[in-house]
Amino acid sequence: MKDLISKKGIIVAAVAIVIALIAAVTMAVSGGNADFGRVISEPVFKPLRSAMNGLVGTLEDIYGYIYRYDTVVAENAQLKERIAELERDSRDYTEIVEENDRLRSLLGFAMRDFDTLPYEMKDVTIISWTASNFSSSFTINRGASSGIEVGDSVITAEGYLVGVVTEVGSTSSTVVSIIDTTMSVGAILSGTDETGIVEGDFNLFKESRLKLDYIDNAANVFIGDSVLTSGRGGNSPAGLIIGTVESIREDSTGHGSFAVVKPAADLSSVSNLYVITDIKAG
């Protein structure tokens with residue numbers, strides 16, 4: 001805006017307007033015969049000259065306001081851009097922190113447990129997911145060339161059971177997740193000797209939950225109990241964390257009950273995992 005209006009231009013316009021007014025008044029007073037230079041210096045025109053000075057000052061103030069307005073607009077645009085940059089930096093920082101925490105977890109698990117756990121393990125990455133209304137599986141980036149075999153258990157860095165390998169290629173493998181309706185693994189409740197079978201269930205699939213069934217004494221099952229692999233009925237070794245008991249429900253017959261298990265692994269966010277390829281000798 002200030003490019004269209006200059007300070008000098010405002011003053012010139014003001015002077016021209018005032019002179020025109022003085023000329024008009026002079027002609028009116030003198031009937032068109034008065035000397036303009038003499039009349040403008042007479043006392044009667046002193047108030048008019050003061051008014052002219054005031055008008056010039058007002059116009060200068062207007063120009064100053066316009067200049068400051070444009071400056072504020074430019075500063076506002078710069079501040080908005082800076083805020084956008086800071087927001088981008090904040091998002092990048094959050095992503096880096098999350099990635100760092102995940103890598104620390106993986107590294108800590110590897111350094112702490114590889115020598116103490118009775119397992120041989122390979123680190124793997126999920127490269128794709130396959131899901132439907134009743135199945136859940138994914139593909140990992142290792143296969144037979146890395147020692148992966150059908151039946152191997154797949155776990156998180158925290159030792160949570162995620163699934164079991166069902167198909168093996170040379171450099172990739174398919175893993176059925178724990179909520180898949182074909183999944184079944186022997187389980188035991190921590191703190192008790194109660195055993196059962198944890199399996200995928202059609203009715204619980206959409207809830208991302210598992211069914212703990214075939215329990216000898218359901219009265220000994222409590223909400224909050226930890227559910228671990230028992231090492232029986234399948235290739236999964238004992239002691240892997242499956243999840244926790246979330247609720248107790250009656251079965252469809254109304255004559256029995258089963259436990260609903262919430263998986264310990266968050267299947268919506270897992271990416272880097274471990275495959276247990278062997279059990280170490282005693």
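Computed from a predicted structure; not experimentally measured. Starting from 1, each residue takes its place in the sequence as its number.
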Quickly, which of Val185, Leu240, Val275 forms a side-chain contact (heavy atoms from CB on, under 4.5 Å) with Ser153? Name it, please. Leu240
Testing Thr277, Asp123, Thr171, Ile127 for side-chain contact (heavy atoms from CB on, under 4.5 Å) with Arg142, which one passes?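 In the set Thr277, Asp123, Thr171, Ile127, the residue that makes a side-chain contact (heavy atoms from CB on, under 4.5 Å) with Arg142 is Asp123.
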Gap separating the [atom1] atom of [X] from the [atom2] atom of [Y], nearest 0.5 angstrom:
X: Ile276; Y: Glu149; atom1: CD1; atom2: CD; answer: 13.5 Å
X: Ile188; Y: Leu228; atom1: CD1; atom2: CG; answer: 7.5 Å
X: Ile83; Y: Gln78; atom1: CD1; atom2: CD; answer: 12.0 Å
X: Ser184; Y: Ile178; atom1: OG; atom2: CD1; answer: 12.5 Å
X: Thr229; Y: Ile242; atom1: OG1; atom2: CD1; answer: 5.5 Å
X: Asp201; Y: Leu210; atom1: CG; atom2: CG; answer: 9.0 Å

Do [X] side-chain atoms and [Y] backbone N/O form a donor-acceptor pair below 3.5 Å?
X: Thr244; Y: Asp225; result: no
X: Thr181; Y: Phe134; result: yes
X: Thr130; Y: Phe138; result: no
X: Thr125; Y: Asn272; result: no
X: Ser146; Y: Ile148; result: no

What verdict does the salt bridge (charged side-chain N to carboxylate O under 4.0 Å, His left out) test give for Arg249 and Glu207, after you've listed the backbone C-alpha separation in whole Å, the side-chain angles of each residue and the deciding distance to 0.1 Å? CA-CA 14 Å; Arg249 300 183 187 180; Glu207 302 176 40; 3.3 Å; yes
Side-chain heavy-atom pair [X], [Y] within 4.5 angstrom cut-off:
X: Leu212; Y: Ile197; answer: no
X: Pro263; Y: Ile179; answer: yes
X: Trp129; Y: Ser137; answer: no
X: Ile155; Y: Leu273; answer: no

Are [Y] and [X] connected into the same hydrophobic cluster when the rule is that any two of I, L, V, M, F, W, Y join if their side-chain heavy atoms are below 4.5 Å apart?
X: Val165; Y: Met121; result: yes
X: Val270; Y: Phe205; result: yes
X: Val221; Y: Val198; result: yes
X: Tyr160; Y: Val260; result: no
X: Val245; Y: Met183; result: yes

Please identify each residue that fulfils salt bridge (charged side-chain N to carboxylate O under 4.0 Å, His left out) with Glu167, with sequence neighbours left out. none
Check ion pair Asp152-Lys122 (N to O, under 4.0 angstrom):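 Looking at Lys122 together with Asp152, the answer is no, because their closest N to O distance does not fall below 4.0 Å.
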salt_bridge(Glu199, Arg209) N-O dist < 4.0 Å: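 No, this pair does not count.
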Yes or no on side chain to side chain contact (heavy atoms under 4.5 Å, CB included) for Val154 and Val164, after CA distance, side-chain angles and deciding distance? CA-CA 6 Å; Val154 181; Val164 174; over 6 Å; no
Can you see which heavy atom on [X] is nearest to which on [Y], and at what distance?
X: Ser177; Y: Leu267; value: OG-CD1, 4.0 Å
X: Ile241; Y: Ala264; value: CG2-CB, 3.9 Å
X: Gly143; Y: Ser173; value: CA-OG, 3.4 Å

